[in-house]
Amino acid sequence: MKQPLNIAFIGAGSMAEAMISGLISTNKFKPGQIHVTNYSNDARLHELRNQYKINITRNIPLIVQKSDVIILAVKPKDVVESIESIKPYIHRSHLIISVLAGVSTTSILSLFQHDVPVVRAMPNTSASIGLSATAISKGEHANDEHIKLAETLFHTVGTVTVVHEEQLHAVTGLSGSGPAYVYYLVEAMQKAALHQGLESDVAKDLITQTLIGAAQMLRTSPKSPTTLRKEVTSPGGTTEAGLEQLTDYEFQEALIQCIDKATLRSKELGEAIDEKMMSSRTSR
């Protein structure tokens, strides 16, 4: 594959923007190497061009033929129409990377109807600041070189873990949706801080640094989260009092159910896409 790589984003939503921002801000890719299109939202394309100085176009043959890597970043419900629009211009030297929640590489390959290499990825929106936790897996016709290329690409926006494809539903529920769970926690902490009389900017600074510090402890310490928690918790102290409330409200059980539900939804989305594909093929 020629260098420098040219990347085409099919779809211009929040995940596409997060990746574009990360790729450019880490100086691994120049804006001119990135091309974006979407179905009909011209205002969104111009917004991305003005913000990141990337290439935008409605010329599907041009964007595909000029690119080495095609990133599918549309809504899962739009995957059939999106692949139909680019399929005539795809060849085996392309690498297709899908960031579509719940959509299997088998489903994607059946839509392309030829042996194109597909790598499935689940990043999260922290890609926009180079701190995504991304998991990837390869489809039937992708090889180790394709995985290596995908790893190189996603390393520019955070960490990368290679997993078996069947594990990606769990990854989606855990780290794909994970930033939203953290933000939801912070919302609650901010409300509590305001209730206790702290100003909002003071609360934000304290909460943010607390999260950063805890995350760095988890990253650098050999100790388990349980051990780290116990080290903060003195018998009869303030932390213990707070944790008792979380236990009373079954905080851990609620979070487990949250991730289980998101994982199940990922599977449901995949099944819905399979049904849509079968219906589409039958109607032809």
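Numbers for residues simply follow the sequence, beginning at 1.
- Under a hydrophobic-cluster definition in which Ile, Leu, Val, Met, Phe, Trp and Tyr are linked whenever side-chain heavy atoms come within less than 4.5 Å, directly or via other members, I70 and M122 are assigned to different clusters.
- What you find for S177 and A262 is that their closest heavy atoms are OG-CB, 4.4 Å.
- Salt bridge present: E47 and R44 bring a charged side-chain N and a carboxylate O closer than 4.0 Å.
- Between the R58 side chain and the N38 main chain, a donor and an acceptor come within less than 3.5 Å of each other.
- Annotation for P225 and L218: closest pair CG-CD2, 3.9 Å, computed over non-hydrogen atoms.
- Side-chain atoms of L194 and S200, non-hydrogen and from C-beta on, do get closer than 4.5 Å to each other.
- Counting only heavy atoms from C-beta outward, the side chains of I7 and D68 never approach each other to under 4.5 Å.
- Side-chain N or O atoms of H46 include one that pairs as donor or acceptor with a backbone N or O of D42 at under 3.5 Å.
- Side-chain atoms of S132 come within 3.5 Å of backbone atoms of N124 as a donor-acceptor pair (strictly under, hydrogens ignored).
- Side chains of S82 and S85: no donor on one and acceptor on the other come within 3.5 Å.
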Practice task
Could you walk me through whether L228 and S221 pass side-chain contact (heavy atoms from CB on, under 4.5 Å), step by step?
Solution key: CA-CA 9 Å; L228 291 171; S221 174; 4.0 Å; yes
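- Other residues, nucleotides and ligands place no more than 12 heavy atoms under 6.0 Å from the NE2 atom of H164.
- The shortest heavy-atom contact between A12 and L45 is CB-CD2, 4.1 Å.
- Every side chain to side chain donor-acceptor pair (under 3.5 Å) that E231 has, sequence neighbours left out, goes to K223.
- One hydrophobic cluster holds both I97 and V36 under the rule that ILVMFWY side chains link at heavy-atom gaps under 4.5 Å.
- Taking 4.5 Å as the limit, some side-chain heavy atom of I90 sits within range of a side-chain heavy atom of I96.
- Between the side chain of Q209 and the backbone N or O of L206, no donor-acceptor pair lies under 3.5 Å.
- Distance check: T105 OG1 to L168 CG gives 9.0 Å after rounding to the nearest 0.5 Å.
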Problem - Intermediate values then yes/no, side-chain contact (heavy atoms from CB on, under 4.5 Å), V103 and I108 - result: CA-CA 7 Å; V103 183; I108 292 169; 3.9 Å; yes
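- To the nearest 0.5 Å, atom CG of residue L111 and atom CD of residue E81 are 9.5 Å apart.
- With hydrogens and angles disregarded, a donor-acceptor distance shorter than 3.5 Å links the side chain of T26 to the backbone of T156.
- Taking OG1 of T263 as the start and CD of Q167 as the end, the distance is 11.5 Å to the nearest 0.5 Å.
- Proximity of I86 to F112: side-chain heavy atoms (C-beta onward) are separated by under 4.5 Å at one or more points.
- For S21 (side chain) and E17 (main-chain N/O), no donor-acceptor pair under 3.5 Å exists by modelled atom type.
- For the residue pair K87/Q113, the side-chain donor-acceptor check at 3.5 Å is satisfied.
- A side-chain donor-acceptor contact under 3.5 Å links H94 to the backbone of S67.
- Considering all non-hydrogen atoms of both residues, A135 and V171 come closest at CB-CG1, 3.6 Å.
- With sequence neighbours excluded, the residues forming a side-chain contact (heavy atoms from CB on, under 4.5 Å) with N55 are H35, listed by chain and number.
- Rounded to the nearest 0.5 angstrom, L246 CG and E253 CD are separated by 11.0 Å.
- Of the inter-residue distances, the one linking L5 atom CG with K30 atom NZ reads 13.5 Å to the nearest 0.5 angstrom.
- By the criterion of side-chain heavy atoms lying less than 4.5 angstrom apart, applied directly or through intervening Ile, Leu, Val, Met, Phe, Trp or Tyr residues, I60 is grouped together with V74 in one hydrophobic cluster.
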Exercise for the section: Carefully, step by step, assess K66 and N6 under the rule side-chain contact (heavy atoms from CB on, under 4.5 Å). Expected result: CA-CA 7 Å; K66 288 186 66 174; N6 287 302; 5.7 Å; no
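- Distance alone, capped at 3.5 Å, places no donor-acceptor pair between the T208 side chain and the D205 backbone.
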Practice task
Take F154 and M19 through the test side-chain contact (heavy atoms from CB on, under 4.5 Å) and record every step on the way to the result.
Solution key: CA-CA 8 Å; F154 283 104; M19 292 184 64; 3.3 Å; yes
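- For E151, the side-chain contact (heavy atoms from CB on, under 4.5 Å) test picks out I136, I147, H155, V160, V162, with sequence neighbours left out.
- Q252 CD: 12 or fewer foreign heavy atoms inside a 6.0 Å radius.
- Applying the side-chain contact (heavy atoms from CB on, under 4.5 Å) rule to L174 yields the partners I259; only residues at least two apart in sequence or on another chain are considered.
- Of all non-hydrogen atoms in A142 and V118, the two that sit nearest each other are CB-O, 3.5 Å.
- Side-chain contact check for V99 versus L72: every heavy-atom pair is 4.5 Å or farther apart.
- Atom CZ of residue F251 and atom CG of residue L243 lie 10.0 Å apart, to the nearest 0.5 angstrom.
- Side chain of T233 to backbone of E240: no donor-acceptor contact under 3.5 angstrom is found.
- Within 6.0 Å of OH on Y52 lie more than 12 heavy atoms contributed by other residues, nucleotides or ligands.
- Considering all non-hydrogen atoms of both residues, T125 and M15 come closest at N-CE, 3.9 Å.
- Note on L153: it clusters hydrophobically with I24, by side-chain heavy-atom contacts below 4.5 Å among ILVMFWY residues.
- V79 and Y89 fall within a single hydrophobic cluster, where Ile, Leu, Val, Met, Phe, Trp and Tyr are joined by side-chain heavy atoms under 4.5 Å apart, directly or via other members.
- Hydrophobic cluster membership of I212, counting Ile, Leu, Val, Met, Phe, Trp and Tyr whose side-chain heavy atoms lie under 4.5 Å apart directly or via other members: none, as it forms a cluster of its own.
- For E199, the side-chain contact (heavy atoms from CB on, under 4.5 Å) partners at least two apart in sequence or on another chain are D201, V202.
- Remark: the T227 side chain and the S224 side chain contain an N/O donor-acceptor pair separated by less than 3.5 Å.
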Exercise for the section: Could you walk me through whether S104 and E165 pass the side chain to side chain donor-acceptor pair (under 3.5 Å) test, one step at a time? Expected result: CA-CA 8 Å; S104 69; E165 184 169 4; 4.8 Å; no
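- With a 6.0 Å radius and a threshold of 12 heavy atoms from other residues, nucleotides or ligands, H114 has its NE2 atom above the threshold.
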